[in-house]
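The structure displayed is predicted, hence computed values, not measured ones. The figures here come from the full heavy-atom set of this structure, side chains too, leaving out hydrogens, waters and symmetry mates. Chain identifiers are assigned alphabetically (A, B, ...) following the order of the sequence lines, protein sequences preceding nucleic acid strands; residue numbering begins at 1 within each chain.
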There are 2 protein chains.
Amino acid sequence: MSRENVAASAPHRTPPEHVHPRDVALETALAALSDPVRLTLVRELAGSEDWERTCGSFDVPVRKAALSHHFAVLRSAGLIEQRDAGAKRINRLRKAEFEECFPGLLDLVLRDAAVRPGRPE
Amino acid sequence: MSRENVAASAPHRTPPEHVHPRDVALETALAALSDPVRLTLVRELAGSEDWERTCGSFDVPVRKAALSHHFAVLRSAGLIEQRDAGAKRINRLRKAEFEECFPGLLDLVLRDAAVRPGRPE
DNA sequence: TAGACTGTTCGACGTGAGGCGAACACGTAA
DNA sequence: TTACGTGTTCGCCTCACGTCGAACAGTCTA
């Protein structure tokens with residue numbers, strides 16, 4: 001709690017904790033991708049450049065509290081990486097790492113959006 | 001309720017209702033596979049011949065009521081097909097159809113079991 | 001410095017999923 | 001016919017998930 005612990009020009013915001021897809025169970029990865037909101041996030045992210053999208057820039061029908069929760073789930077499933085940039089937080093899809101650990105899964109998710117747009121509810 | 005409605009040597013047990021993977025949403029397929037019990041069922045089924053395994057022949061730590069529920073989930077996700085054989089109900093993994101609709105997914109699930117046996121909980 | 005903006009955390013809520021035992025239906029064997 | 005085995009359905013319970021509003025912490029800008 002001393003002054004020194006906070007010193008050394010450390011960032012004031014606690015940076016997000018990441019999990020590498022290597023340390024993610026298959027069940028966790030599948031569960032993370034089985035939610036429509038998170039599926040939208042992943043797909044929009046896949047169509048953007050790395051570190052291009054802020055958390056608030058996605059077109060999803062939930063408020064920011066729920067949105068923050070979904071990003072946390074994606075993070076702990078090894079699907080995204082986040083970085084603080086000023087007041088905003090920018091995102092990147094961990095395409096290569098995830099593909100290496102769960103081959104074909106990300107492709108399936110992204111392709112499914114294009115090939116079969118209107119699925120049953 | 002008349003005698004004729006039951007006639008024509010119809011089976012007494014109502015046969016299970018099936019869903020073709022074609023009519024299954026990606027979210028549904030992923031959710032079905034994100035449960036450890038169902039994952040075990042699918043994997044054991046993949047290691048057996050078609051119509052070889054009865055519902056009660058799987059090594060899962062749940063009672064028969066829950067087991068019956070899991071089979072219903074797998075059925076409505078287009079993952080298995082069931083048929084009545086006397087008092088028992090025998091199963092088949094819809095490997096080809098499912099692979100056609102969700103390419104790579106089943107392979108990922110089955111391979112993951114072999115390549116990474118001990119995953120984090 | 002005051003305010004606007006971005007995102008996280010907290011507590012609460014409703015819903016649905018997964019588990020169980022009990023009861024039931026059906027098929028089979030004694 | 002009776003008894004047993006297999007699997008489904010029902011009601012109930014518990015817990016995790018998704019959602020929200022409110023409050024908070026930082027960052028940037030006026």
Side-chain angles (χ1 to χ4, degrees), chain A residues 6 9-18 25 27-42 45 51-77 80-92 121, chain B residues 1 6 9-18 25 27-41 45 51-77 80-92 121:
Chain A
V6 200
S9 74
H12 293 177
R13 305 181 64 177
T14 58
E17 295 183 2
H18 289 113
E27 295 91 318
T28 305
L30 295 175
L33 291 171
S34 68
D35 178 272
V37 172
R38 291 194 290 265
L39 222 36
T40 301
L41 297 179
V42 168
L45 215 40
W51 312 120
E52 188 189 357
R53 306 292 299 272
T54 67
C55 290
S57 72
F58 293 84
D59 185 26
V60 287
V62 293
R63 307 252 171 230
K64 56 181 183 172
L67 189 57
S68 182
H69 165 69
H70 285 302
F71 275 111
V73 173
L74 290 178
R75 235 166 34 221
S76 55
I80 66 167
E81 198 176 352
Q82 294 185 307
R83 180 185 298 173
D84 285 334
K88 305 190 177 181
R89 182 161 281 189
I90 52 180
N91 300 273
R92 165 181 104 81
E121 67 282 352
Chain B
M1 290 296 189
V6 200
S9 74
H12 292 177
R13 306 181 64 176
T14 58
E17 295 184 1
H18 290 111
E27 295 91 319
T28 305
L30 294 175
L33 291 170
S34 68
D35 178 272
V37 172
R38 289 193 291 265
L39 222 36
T40 301
L41 297 180
L45 214 39
W51 311 121
E52 188 189 357
R53 307 292 299 271
T54 68
C55 291
S57 72
F58 293 84
D59 185 27
V60 286
V62 293
R63 305 255 173 225
K64 56 180 183 173
L67 189 58
S68 181
H69 167 253
H70 284 301
F71 275 111
V73 173
L74 290 179
R75 234 165 34 220
S76 54
I80 65 166
E81 198 177 353
Q82 295 186 307
R83 179 185 299 173
D84 284 334
K88 305 191 176 181
R89 182 162 280 189
I90 52 181
N91 301 273
R92 166 183 103 81
E121 65 280 352

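With sequence neighbours excluded, the residues that form a side chain to side chain donor-acceptor pair (under 3.5 Å) with A:Arg92 are A:Glu81, A:Glu97. B:Ser76 meets the side chain to side chain donor-acceptor pair (under 3.5 Å) test with no other residue; sequence neighbours excluded.
Taking only side-chain atoms of A:Arg63, from C-beta outward, the nucleotide of D:dG7, D:dG21, D:dT8 with the closest atom is D:dG21. Each of C:dT9, D:dT9, D:dG7 was ranked by its minimum atom distance to the side chain of A:Ser68; first place goes to C:dT9. Distance from the side chain of B:Ala65 is smallest for C:dG21 among the nucleotides D:dT8, C:dG21, D:dT6.
Straight-line distance from the CD atom of B:Glu27 to the C1' atom of C:dA17: 17 Å, rounded to whole Å. Between the CZ atom of A:Arg83 and the P atom of D:dG26 there is a distance of 21 Å, rounded to whole Å. Going from atom CZ of A:Arg89 over to atom P of C:dG7 covers 9 Å, rounded to whole Å. Between A:Ile90 atom CD1 and D:dT27 atom P there is a gap of 15 Å when expressed in whole angstrom units. Taking atom NZ on A:Lys88 and atom P on C:dT8, their separation rounds to 14 Å, with Å as the unit. We find that NZ of A:Lys64 is positioned 13 Å from P of C:dT9, with the value rounded to whole Å. The separation between B:Asp84 atom CG and C:dT28 atom C1' is 14 Å, rounded to whole Å. A:Leu67 has its CG atom 10 Å from the P atom of D:dT19, to the nearest Å.
Near DNA chain D, meaning a heavy atom under 4.0 Å away, the residues from residues 51-61 of chain B are B:Thr54, B:Cys55, B:Gly56.
Residues A:Ala31 and B:Ser34 come closest through the heavy atom pair N-CB, 3.7 Å.
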Expected list for residues 55-73 of chain B: side-chain donor-acceptor pairs under 3.5 angstrom, two or more places apart:
residue: B:Ser57; atom: OG; partner: B:Arg53; partner atom: NE; Å: 3.0
residue: B:Ser57; atom: OG; partner: B:Thr54; partner atom: N; Å: 3.4
residue: B:Ser57; atom: OG; partner: B:Thr54; partner atom: O; Å: 2.7
residue: B:His70; atom: ND1; partner: B:Arg38; partner atom: NH1; Å: 3.1

Residues 82-90 of chain A, side-chain donor-acceptor partners within the protein, below 3.5 Å, at least two apart:
residue: A:Gln82; atom: OE1; partner: A:Arg75; partner atom: NH1; Å: 2.5
residue: A:Gln82; atom: NE2; partner: A:Asn91; partner atom: OD1; Å: 2.8
residue: A:Asp84; atom: OD1; partner: A:Arg89; partner atom: NE; Å: 2.7
residue: A:Asp84; atom: OD1; partner: A:Arg89; partner atom: NH2; Å: 3.2
residue: A:Asp84; atom: OD2; partner: A:Arg89; partner atom: NH2; Å: 3.4

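Separation of atoms CG (A:Leu33) and CG (A:Leu74) is listed at 7.5 Å; rounding is to 0.5 Å. Distance CG/B:Asp35 to CG/B:Leu41: 8.5 Å, rounded to 0.5 Å.
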Identify the pairs formed between an N or O of the protein and an N or O of nucleotides 14-18 of chain D at a distance under 3.5 Å, and give each distance.
residue: D:dG18; atom: OP1; partner: A:Arg38; partner atom: NH1; Å: 3.4
residue: D:dG18; atom: OP1; partner: A:Arg38; partner atom: NH2; Å: 3.0
residue: D:dG18; atom: OP2; partner: A:Arg38; partner atom: NH1; Å: 3.4
residue: D:dG18; atom: OP2; partner: A:His69; partner atom: NE2; Å: 3.3

